[in-house]
Structure formats: C-alpha cells, structure tokens
2 protein chains.
Amino acid sequence: MNIYSFICFVKPRDEHKIDQIFQATLILVKQKGLAGITMSEIAVAAKIATGTLYIYFESKEKLINELFTQCRKSSVDIYFKDYESSQPFAVGLKRIWFNLLEFRMNHFKESVFMDQCYHSPYITETTKDLTKKMIQPLYKLVERGKAEKELKELDTFMLLIFMVSGINEYVKHSVYSEKKITKASMEDLYNLMWDGIKA
Amino acid sequence: MNIYSFICFVKPRDEHKIDQIFQATLILVKQKGLAGITMSEIAVAAKIATGTLYIYFESKEKLINELFTQCRKSSVDIYFKDYESSQPFAVGLKRIWFNLLEFRMNHFKESVFMDQCYHSPYITETTKDLTKKMIQPLYKLVERGKAEKELKELDTFMLLIFMVSGINEYVKHSVYSEKKITKASMEDLYNLMWDGIKA
DNA sequence: TTTATAAATGAATATTTATTCATTTATTTG
DNA sequence: CAAATAAATGAATAAATATTCATTTATAAA
C-alpha cells in the first residue's frame with residue numbers, strides 16, 4: 001500500500017536502478033571519458049535494457065546533468081562535514097582540507113566525471129556558476145585566515161587555489177600508479193601546503 | 001621545382017592546412033570538450049571541406065592522436081627551454097617552473113586538450129606512458145634538490161606533483177575569470193610553492 | 001598552352017548511436 | 001485469482017556523425 005494505490009498505480013519504480021545507472025556511468029567515464037560512452041553501454045553496465053534507461057532519464061543530456069548535480073551535492077556535503085565557522089581558523093582549515101582529500105580519494109570516479117563535465121557540451125554555464133557559489137564558505141575561511149594574520153597577505157583566490165590544487169594531482173597520481181595513500185603522506189602533503197600559505 | 005617534380009607529382013599539399021586543422025580542433029575542444037566535437041565541425045572551423053580533412057588524417061582517431069603528439073612535443077620543448085642540469089639547483093628549478101607556467105598560459109588550449117585526452121578512448125596507455133617518460137629530467141631535478149638538502153626529505157613524486165599542481169589550477173582560474181596574470185602574481189605563486197618545498 | 005597529377009570539394013553513403021515503441025513482465029489492490 | 005497498470009525489454013527507427021567518392025580545381029613541368 002502506498003500513496004498511489006487508491007488510483008491503482010502499480011509496479012513502482014525500482015529507485016535503486018538510478019544508482020545502478022549512475023555507478024555504471026561513473027565507471028565508464030573513468031575508463032574511457034565522456035567522449036567514449038554510449039547509452040547502450042551504460043545500459044549494459046547497469047544490467048538493464050536500453051529502453052529502461054529512458055524510463056529514468058529522458059535523454060543522455062539529462063542523465064549526465066542529474067549525475068553531475070548529485071556528484072556536486074555529495075562533494076559539497078563532504079567538503080564541509082564537521083566544519084563549523086566557530087572553530088579556530090587552523091582547525092577549520094585542516095578539517096576542510098582533509099575533507100577535500102577524502103572526497104578525491106573515496107569518490108575518485110566522481111571527481112574524474114566532474115572534471116570531464118566542465119569542458120563538455122552537457123553542462124551549462126549556469127550549472128558551473130552554481131558550483132562556484134557552493135564553495136563560498138571556503139572563500140570566507142581564507143579571508144578570515146588573512147584577517148587573523150595566519151595566512152600570507154596574497155590574493156584570496158590564489159591562496160584558495162594553491163591550497164586545494166595539490167590534492168587533485170596527488171590523488172590522481174596515486175590512483176594511476178596504484179600507490180596507497182597513507183595517513184603519513186596525507187600529513188606530509190598538508191604540511192607542504194601549510195608551509196606555503198602560513199604568514 | 002621540388003624533389004617530386006621529375007616524377008611529375010604536382011599540386012603539393014598545403015602543409016599549412018595541418019596547422020589550421022589542429023588550431024580548429026583545439027579551439028573546439030576548449031569550447032565544448034572532446035565529447036562535443038565532430039569531423040564536420042572541425043572542417044568548418046578550419047575553413048576546408050570535410051573530405052579534405054581525410055586527405056590529411058585518415059580518421060578522427062588519427063587526427064586526435066597526432067594532435068596529442070604534437071602538443072606533448074611542444075610542451076616538453078617549452079618545459080626544458082634554457083634549462084641546463086649544470087645550473088645551480090635553485091636556478092634550474094625556477095627556470096623549469098616558469099616554463100611550465102608559460103606553457104599553461106600561452107598554450108592554454110593545448111593544456112585543456114591534453115587533459116581531456118587523458119581520459120578518452122583516443123589515447124592509448126602506451127602514449128600515456130611515453131608522456132611520463134618525457135618529464136624524467138624534472139624527476140631528476142627534484143632528486144638532486146633533496147640530495148643537496150635544498151628540499152624537504154619527502155617522496156619525490158609528492159614534491160614533484162606539489163611543485164606543479166598550483167600552476168594548472170591557477171592558470172585555469174585566471175582564464176575563466178578573465179583575470180590577467182601579472183609578473184607579480186607569478187612570483188607570489190612561485191613563493192607559495194617554494195616556501196612549501198624548501199628544506 | 002597542354003598535360004598529368006594530386007588536392008580540394010561536398011553530396012552521398014556507411015556507420016554508429018540515441019531514442020522510440022509494441023510487447024512482455026511484475027506488482028498490488030480488490 | 002483477476003484486473004489494472006506501469007516497469008522492463010530489446011528490436012526497430014530516427015538522428016547524428018564518420019567516411020567515401022565522383023567530380024572539379026589548381027599546380028608545375030614540358
């Protein structure tokens with residue numbers, strides 16, 4: 001019995017399928033890029049029929065966009081997990097930095113997918129702008145770091161970009177050379193970054 | 001009169017067209033990604049007929065691969081311009097770092113194209129491996145920096161990746177927000193990096 | 001100027017890929 | 001269990017795209 005039963009809608013959608021489709025798409029994009037995926041391949045990888053794909057997503061463009069939206073949402077959730085702007089600056093910074101690293105490590109496929117989408121015909125400028133807006137707290141944090149004389153007096157965007165750029169590249173390298181990322185190496189990378197930005 | 005004339009080959013290829021095709025492809029890939037380009041669009045952008053494209057490149061795959069190879073070659077040429085391993089460590093490091101920055105700035109389209117190719121059905125693992133080999137001198141330089149106690153005693157790849165990662169992201173941001181990169185901001189970024197890695 | 005030849009063209013064709021749809025299957029209520 | 005309904009299927013179709021090819025054009029030597 002559900003909300004629809006009185007008008008006799010039966011056989012509800014298997015909402016689990018959306019996740020199957022998303023996972024299949026992420027795996028394929030990591031393997032061969034956005035340029036290399038087809039709807040029928042996605043269907044095969046998700047273990048459903050091609051037609052079923054169109055019950056859940058009206059077009060390839062919609063599928064890519066909805067997946068992008070979900071990835072962005074989950075990335076931002078992770079970025080700011082356990083972060084409070086009331087924390088001391090250094091604590092908040094370390095918290096967010098390790099969250100960024102965690103996302104790249106544990107959601108590598110999502111990262112690759114989002115990178116690929118950025119230069120693609122699927123994602124609009126509006127969507128890209130929204131992505132920028134969602135990282136505003138990070139921008140605020142850097143401004144605060146400068147105000148509290150904890151950080152060098154440099155352009156906020158330069159500091160921000162510098163802070164996060166090493167993460168992306170380091171995780172990418174580790175994944176492709178199949179090297180494990182240890183707790184010690186995470187700390188090393190953090191210290192490289194910190195020694196760069198500290199006042 | 002050229003080498004072929006005695007066997008009566010006439011109307012030689014316009015070798016300038018290869019460059020037109022490459023430039024058109026780079027512009028299109030920057031605009032809409034590898035997933036968004038078609039052979040006929042490339043032809044239009046290069047101001048030639050679709051069929052002409054196939055006189056110069058036997059397939060789309062070949063075109064992408066040859067463009068990738070040329071981009072890699074020109075990038076490596078620039079990376080090691082005016083660099084001599086006989087220079088003092090700090091001089092060599094700064095030289096290469098600024099060369100990397102120059103490439104990203106003045107060959108932004110090429111950078112975007114190469115990034116996109118990395119996860120694509122066009123570029124083989126062999127090609128990717130070759131790319132890694134070509135940056136060996138950079139790896140050597142970092143090892144030397146550690147030996148001379150100029151750099152922190154950390155994993156060479158971590159140092160290497162940290163050294164270059166800021167460049168990519170900073171140039172990307174500057175291009176998209178249409179901010180000019182000043183000589184001063186280049187120095188700032190270099191110092192952020194240097195303060196991070198120095199012993 | 002003629003001739004030989006390959007480049008250049010772009011419409012036509014082949015191929016690939018997205019999308020639809022007639023049919024079958026599964027689910028839930030009465 | 002029957003009825004009702006949407007999900008699921010995958011072959012068929014439509015649309016997009018890569019590639020070919022018959023024809024025209026341009027070049028350079030004779």
Side-chain angles (χ1 to χ4, degrees), chain A residues 1-25 28-29 31-67 116-117 120-123, chain B residues 1-25 28-29 31-67 116-117 120-123:
Chain A
M1 170 79 92
N2 65 41
I3 190 173
Y4 296 114
S5 38
F6 70 98
I7 47 166
C8 224
F9 278 2
V10 288
K11 188 165 189 185
R13 285 192 190 181
D14 175 4
E15 292 300 321
H16 181 63
K17 281 213 171 58
I18 290 179
D19 197 53
Q20 276 171 236
I21 294 166
F22 279 171
Q23 284 307 312
T25 307
L28 289 172
V29 169
Q31 277 169 7
K32 25 197 247 160
L34 213 44
I37 56 166
T38 68
M39 290 298 264
S40 55
E41 277 182 313
I42 293 171
V44 169
K47 296 187 212 295
I48 59 175
T50 317
T52 311
L53 218 45
Y54 285 85
I55 291 171
Y56 293 88
F57 301 97
E58 73 185 31
S59 69
K60 186 177 178 181
E61 193 183 349
K62 277 269 168 62
L63 163 50
I64 302 290
N65 264 284
E66 290 188 29
L67 178 53
Q116 292 259 316
C117 282
S120 89
Y122 301 110
I123 305 298
Chain B
M1 172 78 93
N2 65 41
I3 190 173
Y4 295 116
S5 38
F6 70 98
I7 46 165
C8 223
F9 279 3
V10 288
K11 188 161 188 187
R13 286 192 189 182
D14 175 4
E15 291 299 322
H16 181 64
K17 281 212 171 59
I18 290 179
D19 197 54
Q20 277 170 235
I21 294 166
F22 279 170
Q23 284 307 312
T25 307
L28 289 172
V29 170
Q31 278 169 7
K32 27 197 243 156
L34 213 46
I37 57 166
T38 68
M39 290 299 262
S40 55
E41 277 182 314
I42 293 171
V44 169
K47 296 187 212 295
I48 59 174
T50 317
T52 312
L53 218 43
Y54 285 85
I55 291 171
Y56 293 88
F57 302 98
E58 75 183 30
S59 69
K60 185 177 178 181
E61 193 182 349
K62 277 270 168 62
L63 163 49
I64 301 291
N65 264 285
E66 290 187 29
L67 178 52
Q116 292 258 317
C117 282
S120 88
Y122 301 109
I123 305 299

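Residue numbers start from 1 in every chain, and the chains themselves are labelled A, B, ... in the order their sequence lines are given, proteins ahead of strands. Heavy-atom basis, side chains included; hydrogens, waters and symmetry copies ignored.
A:Gln20 has its CD atom 10 Å from the P atom of D:dT9, to the nearest Å. Atom CD of B:Glu61 and atom P of D:dA18 are 13 Å apart (whole Å). Summarising the geometry, the separation between NZ on A:Lys62 and C1' on C:dT19 is reported as 14 Å, rounded to the nearest angstrom. One interatomic measurement links the two molecules: CD1 of B:Ile37 to P of D:dA16, which rounds to 18 Å at whole-angstrom precision. Rounded to whole Å, atom C1' of C:dC21 lies 16 Å from atom CG of A:Leu53. Atom CE of A:Met39 is separated from atom P of D:dG10 by 16 Å (rounded to the nearest Å). Summarising the geometry, the separation between CD1 on B:Ile64 and P on D:dT17 is reported as 14 Å, rounded to the nearest angstrom. One can place NZ of B:Lys47 at 17 Å from C1' of C:dT9, the figure rounded to the nearest angstrom.
The listed nucleotides are C:dA7, C:dA18, D:dA7; the one nearest the side chain of A:Arg13 is D:dA7. The A:Tyr54 side chain lies nearest to C:dA18 when the options are D:dT27, C:dA18, D:dT9. Listed candidates were D:dA18, C:dT9, C:dT19. Nearest to the side chain of B:Ile55 is C:dT9. Checked against D:dT27, D:dT9, D:dT17, the side chain of B:Thr38 finds its nearest nucleotide in D:dT17. With C:dT19, D:dT19, C:dA8 as the choices, the nucleotide that has an atom nearest any side-chain atom of A:Lys60 turns out to be C:dT19. If you check D:dT27, D:dA7, C:dA8 against the side chain of B:Lys17, the one that comes closest is C:dA8. In this structure, of D:dT9, C:dT19, C:dG10, it is C:dG10 that holds the atom nearest to the side chain of B:Ala49.
Between the side chain of A:Tyr122 and the backbone N or O of A:Lys60, no donor-acceptor pair lies under 3.5 Å. Side chain of B:Arg13 to main chain of B:Ile55: a donor-acceptor pair is present (N/O by atom type, distance under 3.5 Å, no hydrogens or angles).
A:Phe57 comes within 4.0 angstrom of no nucleic acid atom, judged by non-hydrogen atoms across all strands. Here B:Ile48 lies in heavy-atom contact (under 4.0 Å) with sugar-phosphate atoms only.
At the phosphate of C:dA7, neither OP1 nor OP2 sits under 4.0 Å from any side-chain N or O atom of B:Thr52. For A:Thr50 and D:dG10, the shortest distance from a side-chain N or O to OP1 or OP2 is not below 4.0 Å.
The minimum heavy-atom distance between A:Gln116 and A:Ser120, with the atom names listed, is O-CB, 3.7 Å. The two residues B:Ala46 and B:Ala24 make their nearest non-hydrogen contact at N-CB, 3.7 Å.
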Exercise for the section: Could you give me the CA-CA distance, side-chain angles and deciding distance for A:Phe22 and A:Tyr56, then say whether ring pair (Phe, Tyr, Trp, His ring centres under 6.0 Å) is met? Expected result: CA-CA 11 Å; A:Phe22 279 171; A:Tyr56 293 88; over 10 Å; no
